[in-house]
S.K.: 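One structure follows; several queries about it will come next.
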Amino acid sequence: MKRGLILVLLILLLIPSISAQRLFVTHDILTEKVTPGGTAVFQLNLRNNQNVEDTFSITPDEFSIAPFSDIVENIEIDDGNLKISANSVGTTIVRIRLKEDLKPGRTYGTFVRVRSLSNPNLKIDHDLTISVVPPDEIIEIKSNIPDEVVPGRILSINVDLRNKVNLIIDNIDISVDSELFSEKSTIKLFPYQDSTKTFEFEIPPATLPGTYTLIITATKANKLQGAYLKDFEIIKNPNINERTEKDSGFLTTTVNLMKSNNGNLVVNEAFILEINGFKRMFTSYNIAPTRIQDNNVVWEFELVPGESYSVNATTDYRALFVLLIAFGIFLGVMWYLYGRRVTIRKAVFKVKDDKGGISEIKVLLHIKNRLTNLNDVEVVDVVPNFIKPKHEFGTLQPAKMQRGSRGIRMLWHLPELLEGEERVISYEIESQLHILGKLVLPRAKVRYKRKGKMVEVNSNKLTYFSSKEK
């Protein structure tokens, strides 16, 4: 009984050894250096020592990759099922991509599982170890220096730094150098930290044009941790200074434009002033413009080194102001000569208008004196034959009433009509017959003497409609 138990234990202990002898797994490392975030490449060698052909499955440990692993991001196997003849060797490639936040200077491990598809008991977990080293440049450096730089101006450069490893790096010396400038600074970077430092340099105006090289280095204890190189061009420098001045006075504006070439190149320059068409009619220039396009007045010129060019544009509305004053005076004179006059306006007010037609009318004569004082002014009005006055007058009775072929002529005499005075003369008339339709009363007149001449002014003609006509 004891012998049988011992035999069973020996068989169980010998099963792994027998399996191992049936399958040998080794590997070759194909990557010399693996940095954080890099990929380690292995060649997996499988030897089938069985007397029959077999197919072997190669799979990674599912708990050895993300999201379960803090070390391995992914494991890729080129051929996950290898068919290997009896007593032969098969190979496949295993790629292990590491996470970026691994700390360099350490060794990390994982494994792949190899098992026979025909014999589930024939399996091996093969370990793979990876030594992670710091990258050659653990600090990434970038800069925004332009391709072309104009001398005589302040050059501002941003230096972008990034810590590529999961380590705190302190006492980092940052050097920014070129043939034209040099400056240093010391910083500290935490793991994966991004930092930007700004450097400003004054490029001398006399800097010769050409190609220069910017070199930015990050060192720690005189050991290079990162570098950046870029060529930039110092372009030809016209160094043009421009000045604009504006002077204003009574109805005048002068714009002074000046450009000076303080560089060492001959340059073509231009002035552009926006002046609309109306304003341009009152604008003069000390130098004739090269062209006028739309609302832009343009001067084009060439500046040699040390030369200045100035343009004055003066807008003067004083002539327009004088013209407006003269026009106003002219209008005043015309009003004085022709607007200052005596006027007479004739109006009618209905007194009686029944169904039989117009029977009674009240007439008003409105006289206004816009001249100087007048003497012996006469007002004349005529009443048609079929109408007769009722001898009902307002404040002023007619001086004369004469019957003629056209009707009754009434004359009022005004001994004096003062400047600005207004007079209203009224009278009532009645029709001998009821008037149906339209009634037309002739114009009234006002007569006076001025400068030895008799002046006669007519009123409006008066037309009235009976209610039946309406």
S.K.: State, without any angle test, whether T314 and S284 hold a side-chain donor-acceptor pair at a distance under 3.5 Å.
M.R.: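 On atom types as modelled, these side chains do not qualify, holding no pair under 3.5 Å.
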S.K.: Which pair of heavy atoms, one from L189 and one from S195, lies closest together, and at what distance?
M.R.: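 Heavy atoms only, the tightest pair is CD2-CB, 3.8 Å.
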S.K.: Please give me the minimum heavy-atom distance between D177 and S175, naming the atom from each residue.
M.R.: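 Looking at all heavy atoms of both residues, the shortest contact is OD2-CB, 3.4 Å.
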S.K.: List the atom of T110, the atom of I75, and the distance in Å for their closest heavy-atom pair.
M.R.: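 So the minimum-distance heavy-atom pair works out to OG1-CD1, 4.1 Å.
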S.K.: May I ask you to decide if K346's main-chain N or O and N460's side chain share a donor-acceptor pair within less than 3.5 Å?
M.R.: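 Such a contact is found between N460 side chain and K346 backbone.
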S.K.: Less than 4.5 Å apart, side chain to side chain, heavy atoms only: is that true for Y448 and V342?
M.R.: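 They are in contact (side-chain heavy atoms under 4.5 Å apart), so the answer is yes.
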S.K.: Say you draw a straight line from OG1 of T343 to CZ of R370; how long is it, rounded to the nearest 0.5 Å?
M.R.: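 So the OG1 of T343 and the CZ of R370 are separated by 4.5 Å.
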S.K.: Are F282 and D316 close enough that some pair of their side-chain heavy atoms sits under 4.5 Å apart?
M.R.: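 No, every pair of side-chain atoms sits at 4.5 Å or beyond.
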S.K.: If you take the centroid of each ring, where Trp contributes its six-membered ring, are F199 and F181 closer together than 6.0 Å?
M.R.: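 No.
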S.K.: Apply side chain to side chain contact (heavy atoms under 4.5 Å, CB included) to L214 and F232, showing your working.
M.R.: CA-CA 7 Å; L214 172 69; F232 62 95; 4.0 Å; yes
S.K.: To check you understand the geometry: which heavy-atom pair defines the closest contact between V34 and G38, and what is its length?
M.R.: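 Looking at all heavy atoms of both residues, the closest pair is CG1-C, 4.2 Å.
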S.K.: Which heavy-atom pair separates K164 from Y192 by the least distance, and what is that distance?
M.R.: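 In terms of heavy atoms, the two residues are closest at O-CE2, 3.5 Å.
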